[in-house]
Amino acid sequence: MITVLTAAVLASWLLVTVLVPMPLVGKVVGRALPACFAPLVPSWTFFAPRPAIDDRVLCYRDLLSNGEVSPLRAVWPDARPPGRTRKAVGDASAQLSTLLSAGPDANPSDAGRKVEIMVSPPYLLLLARCVAARHDVTAVGVQFVVVLTNLRGDPPRVVFTSAMHRLDGARP
């Protein structure tokens, strides 16, 4: 019985993984998928019809004790984290975009919706990475920003800005 159940789960996962990137079927399957399962489905953007042409850069800024906000800084100075870390940040920011646009009646400004986004695994992963980065000595808070860049010369585009979060051990 366990073998049959395991095979059914893995077969379903494979089927969803194959269907989600398809242009017509993927949107329907993606919307029908519960939000908690969305991070388990990989996004494949290597080939047409929608190849990945933008890089997602994770940036952050500090709230200083005097009330000023520092300029944006890339989490990794060269904006290209190593291998798996880069993939994790890319996937997390893509999942965050999916969460923001999920559902026809989804309004990211609703209080309940904000809480749902702020406790989602992609949000928490990106926040944890920014909290672990180097901060100004007088920093009391941190905010992360996801920026799209490309090699075509288009200006960088902000796609997500988080709430300001208090840093542990910061002086008020």
Please tell me whether [X] and [Y] are part of a single hydrophobic cluster in this structure, the criterion being side-chain heavy atoms less than 4.5 Å apart.
| X | Y | answer |
| --- | --- | --- |
| Leu19 | Leu14 | yes |
| Leu72 | Val69 | no |
| Val131 | Phe160 | yes |

Exercise for review: Run the numbers on Val142 and Leu63 for side-chain contact (heavy atoms from CB on, under 4.5 Å), then give the verdict.
Suggested key: CA-CA 6 Å; Val142 66; Leu63 174 64; over 6 Å; no
Please round to the nearest 0.5 Å and tell me the distance separating atom [atom1] of [X] and atom [atom2] of [Y].
| X | Y | atom1 | atom2 | result |
| --- | --- | --- | --- | --- |
| Phe144 | Leu125 | CZ | CG | 9.0 Å |
| Asp136 | Leu167 | CG | CG | 10.5 Å |
| Leu127 | His165 | CG | NE2 | 4.5 Å |
| Thr17 | Leu10 | OG1 | CG | 10.5 Å |
| Arg157 | Asn150 | CZ | CG | 8.5 Å |
| Ser120 | Gln95 | OG | CD | 9.0 Å |

Practice item. Apply side-chain contact (heavy atoms from CB on, under 4.5 Å) to the pair Arg73 and Asp62, showing each step before the final yes or no. Key: CA-CA 9 Å; Arg73 292 176 275 192; Asp62 292 329; 2.5 Å; yes
Point to revise | Shortest non-hydrogen contact from Gly141 toward Met164 | key: C-SD, 3.9 Å
Revision key, fill the gap. On a heavy-atom basis, the closest approach of Cys130 and Cys59 is SG-O, 4.0 Å
Is the shortest heavy-atom distance from the side chain of [X] to the side chain of [Y] under 4.5 Å?
| X | Y | result |
| --- | --- | --- |
| Leu58 | Leu126 | yes |
| Tyr60 | Gln143 | no |
| Tyr123 | Leu96 | yes |
| Val57 | Val146 | no |

**Study point:** Test side-chain contact (heavy atoms from CB on, under 4.5 Å) applied to Thr161 and Arg61, step by step
**Key:** CA-CA 10 Å; Thr161 303; Arg61 57 183 157 209; 3.9 Å; yes
Check your understanding: Side chain of Thr149, backbone of Pro156: donor and acceptor closer than 3.5 Å?
Key -> no
Practice item. Please check if any side-chain donor atom of Ser93 sits under 3.5 Å from a side-chain acceptor atom of Arg56, or the reverse. Key: yes
